[in-house]
Amino acid sequence: MAEDVVAEIVASVLEVLVTPGQQIEVGDTLVLLESMKMEIPVLAEEPGTIADLKVKVGDVIQAGDVIATYR
């Protein structure tokens with residue numbers, strides 16, 4: 001079953017560190033966000049495979065936006 005990684009804050013996407021098809025483990029950094037001049041890593045909460053990325057560098061995301069989907 002696919003799981004969504006959802007943004008918890010309004011932020012800019014500084015760096016995308018995964019690609020579709022990539023295997024991830026708990027604690028892997030998926031993307032790096034910036035909000036109020038602070039860098040915030042978005043970490044994998046479960047192991048799986050990245051199915052889809054919904055963001056790219058430079059995007060401004062809102063709380064609740066889907067960042068990535070994994071299985």
Side-chain angles (χ1 to χ4, degrees):
M1 177 157 57
E3 296 286 329
D4 289 335
V5 178
V6 179
E8 296 181 8
I9 58 171
V10 176
S12 297
V13 179
L14 280 180
E15 193 172 353
V16 177
L17 302 168
V18 295
T19 57
Q22 182 175 336
Q23 295 287 319
I24 56 170
E25 298 296 329
V26 173
D28 286 353
T29 302
L30 307 177
V31 297
L32 191 59
L33 303 177
E34 182 206 15
S35 181
M36 299 179 66
K37 299 186 181 182
M38 293 180 6
E39 292 184 3
I40 302 135
V42 176
L43 307 177
E45 294 183 5
E46 296 190 25
T49 302
I50 298 295
D52 192 21
L53 286 169
K54 304 290 188 180
V55 299
K56 63 184 181 309
V57 173
D59 284 353
V60 176
I61 58 174
Q62 304 297 313
D65 286 355
V66 175
I67 295 172
T69 303
Y70 67 96
R71 296 175 212 187

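What's counted below: heavy atoms across the whole structure, side chains too, no hydrogens, waters or symmetry copies. One-based numbering along the sequence shown.
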Measuring from atom [atom1] of [X] to atom [atom2] of [Y], what distance do you get when rounded to the nearest 0.5 angstrom?
{"X": "Leu17", "Y": "Ile50", "atom1": "CG", "atom2": "CD1", "value": "10.5 Å"}
{"X": "Thr29", "Y": "Ile40", "atom1": "OG1", "atom2": "CD1", "value": "12.5 Å"}
{"X": "Tyr70", "Y": "Asp52", "atom1": "OH", "atom2": "CG", "value": "14.5 Å"}
{"X": "Ile9", "Y": "Met38", "atom1": "CD1", "atom2": "CE", "value": "7.0 Å"}
{"X": "Leu43", "Y": "Asp28", "atom1": "CG", "atom2": "CG", "value": "8.5 Å"}
{"X": "Leu33", "Y": "Ile67", "atom1": "CG", "atom2": "CD1", "value": "5.0 Å"}

Lys37 meets the salt bridge (Lys or Arg N to Asp or Glu O under 4.0 Å) criterion, sequence neighbours left out, with none
Counting C-beta onward and ignoring hydrogens, is there a side-chain heavy-atom pair between Val13 and Lys56 closer than 4.5 Å? no
Sub-4.5 Å side-chain heavy-atom contact between Ser35 and Val10: no
Heavy-atom closest pair, residues [X] and [Y]:
{"X": "Gln23", "Y": "Thr49", "value": "NE2-OG1, 2.7 Å"}
{"X": "Ala7", "Y": "Gln62", "value": "CB-O, 3.6 Å"}
{"X": "Leu53", "Y": "Val18", "value": "CD1-O, 3.2 Å"}
{"X": "Leu32", "Y": "Glu39", "value": "CD2-OE1, 3.6 Å"}
{"X": "Ile24", "Y": "Ala44", "value": "CD1-CB, 3.8 Å"}
{"X": "Val55", "Y": "Val66", "value": "CG1-O, 4.2 Å"}

Should we count CD of Glu8 as having more than 12 external heavy atoms under 6.0 Å? no
If you draw a 6.0 Å radius around CD in Glu3, do more than 12 non-hydrogen atoms from other residues or ligands fall strictly inside? yes
Could you see if Leu14 belongs to whatever hydrophobic cluster contains Ile61? Use Ile, Leu, Val, Met, Phe, Trp, Tyr and a side-chain cutoff under 4.5 Å. no
